[in-house]
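In this text the structure is predicted, and so the values were computed from the model without any measurement.
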Amino acid sequence: MSWGLVAVGIAAASATYGAYTQHQQGSYAKDQANADAEAMRGQARLEAERIQKQKEATRSAARAAAAESGLSVSDGLAVTIDEQISHDADIDAWMTRLNGQSNANRMSVFGSNEKKVNNAAAIGTVLQAASSIAGAKSGSSLKAKKG
């Protein structure tokens, strides 16, 4: 067995392993990004629920303060304040969910892109190795023809 064939075999094995590793890294990056995206969605959902609970506490405190100062809690300014508190909290909760979903979508796209980049790099590794092997074989066949 010639050293040239051994070198070609080593180059092919190295390229195969490199391509496999790059492919695995891309899959891992995509899976991790999807897990992170799901965590972002969950965190946004929990934060929105916290905002809704806080809304009720704030509304109760505002009603108590209005009643304590002698205002009617069922009409006028007290109702306007109560509606504003409710409205603001609902918007905050909605925006929190929306931002969480948006960030999660971005994270998922990042993971998909990372996988594509790694797969392209894997293909490039294989093509580069094939080119090197082809160049080495043509160089050795030229030497054989000259000799």
Side-chain angles (χ1 to χ4, degrees), residues 1 3-141:
M1 179 182 253
W3 288 110
L5 287 176
V6 170
V8 167
I10 290 171
S14 175
T16 302
Y17 178 73
Y20 172 77
T21 301
Q22 286 171 325
H23 173 75
Q24 290 299 100
Q25 287 173 342
S27 294
Y28 173 79
K30 182 178 180 189
D31 292 345
Q32 185 62 52
N34 287 337
D36 290 346
E38 195 55 40
M40 283 180 187
R41 284 184 195 96
Q43 184 179 9
R45 193 171 35 255
L46 288 174
E47 180 63 15
E49 288 173 11
R50 186 198 65 74
I51 290 168
Q52 290 295 346
K53 287 177 184 173
Q54 183 63 40
K55 170 181 82 171
E56 293 309 318
T58 304
R59 288 175 69 197
S60 293
R63 275 189 237 119
E68 204 174 277
S69 58
L71 294 174
S72 170
V73 293
S74 59
D75 64 301
L77 182 61
V79 171
T80 303
I81 291 170
D82 185 63
E83 288 173 352
Q84 189 65 46
I85 290 168
S86 184
H87 176 75
D88 290 348
D90 289 343
I91 288 176
D92 286 349
W94 182 77
M95 289 300 293
T96 298
R97 284 187 194 99
L98 186 63
N99 286 335
Q101 185 62 43
S102 177
N103 289 338
N105 289 346
R106 253 183 274 146
M107 184 61 68
S108 292
V109 168
F110 171 78
S112 293
N113 289 344
E114 191 69 23
K115 183 171 182 171
K116 289 174 187 173
V117 165
N118 277 287
N119 286 345
I123 292 168
T125 298
V126 170
L127 292 176
Q128 184 177 10
S131 174
S132 296
I133 291 169
K137 286 181 99 175
S138 69
S140 64
S141 65

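In this structure, the side-chain hydrogen bond (donor to acceptor under 3.5 Å, both in side chains) partners of Thr125, at least two apart in sequence or on a different chain, are Gln22. Looking at residues two or more places apart in sequence or on another chain, you find a salt bridge (charged side-chain N to carboxylate O under 4.0 Å, His left out) between Glu47 and Arg50. Contacts of Ala65 classified as side chain to side chain contact (heavy atoms under 4.5 Å, CB included), with partners at least two apart in sequence or in another chain: none. Under the rule for a salt bridge (charged side-chain N to carboxylate O under 4.0 Å, His left out), Glu83 has no partner lying at least two apart in sequence or in another chain. Looking at residues two or more places apart in sequence or on another chain, you find a side chain to side chain contact (heavy atoms under 4.5 Å, CB included) between Leu46 and Glu49. Remark: Asp92 pairs with no residue by the side-chain hydrogen bond (donor to acceptor under 3.5 Å, both in side chains) rule, at least two apart or across chains. Among residues two or more places apart in sequence or in another chain, the salt bridge (charged side-chain N to carboxylate O under 4.0 Å, His left out) test is passed with Arg63 by Asp82. Under the side chain to side chain contact (heavy atoms under 4.5 Å, CB included) criterion, Ile123 pairs with Leu127, not counting sequence neighbours. Applying the side-chain hydrogen bond (donor to acceptor under 3.5 Å, both in side chains) criterion to Gln43, with sequence neighbours excluded, gives no partner residue. Listed by chain and residue number, Asp90 satisfy the salt bridge (charged side-chain N to carboxylate O under 4.0 Å, His left out) test with Lys55 (two or more places apart in sequence, or in another chain).
Taking all atoms of both residues into account, the shortest heavy-atom contact from Thr96 to Ala48 is CG2-N, 4.1 Å. The nearest pair of heavy atoms linking Gly100 to Ala44 is CA-CB, 3.6 Å. The heavy-atom pair separating Gln52 from Ala93 by the smallest distance is NE2-CB, 3.4 Å.
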Listing, residues 31-39 side-chain donor-acceptor contacts under 3.5 Å, not counting sequence neighbours, or none:
{"unit_1": "Gln32", "atom_1": "NE2", "unit_2": "Asp36", "atom_2": "OD1", "d": "2.9"}
{"unit_1": "Asn34", "atom_1": "OD1", "unit_2": "Ser108", "atom_2": "OG", "d": "3.4"}
{"unit_1": "Asn34", "atom_1": "ND2", "unit_2": "Lys30", "atom_2": "O", "d": "3.4"}
{"unit_1": "Glu38", "atom_1": "OE1", "unit_2": "Arg41", "atom_2": "NH1", "d": "3.2"}

Can you give each donor-acceptor pair under 3.5 Å made by side-chain atoms of residues 9-16, sequence neighbours left out, with the distance rounded to 0.1 Å?
{"unit_1": "Thr16", "atom_1": "OG1", "unit_2": "Ala12", "atom_2": "O", "d": "2.8"}

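Here the straight-line distance linking atom CE of Met40 with atom CG of Asn105 works out to 10.5 Å at 0.5 Å rounding. Atoms OH and CD, on Tyr28 and Glu114 in that order, are 11.5 Å from each other to the nearest 0.5 Å. A distance of 6.5 Å separates CG in Leu77 from CG in Leu71, rounded to the nearest 0.5 Å. A distance of 11.0 Å separates CG in Asn113 from CG in Asn118, rounded to the nearest 0.5 Å. Summarising the geometry, atom OG belonging to Ser112 is positioned 6.0 Å from atom NZ belonging to Lys116; distances are rounded to the nearest 0.5 Å.
Residue-environment remark: CD (Gln128) stays at or below the threshold of 12 foreign heavy atoms within 6.0 Å.
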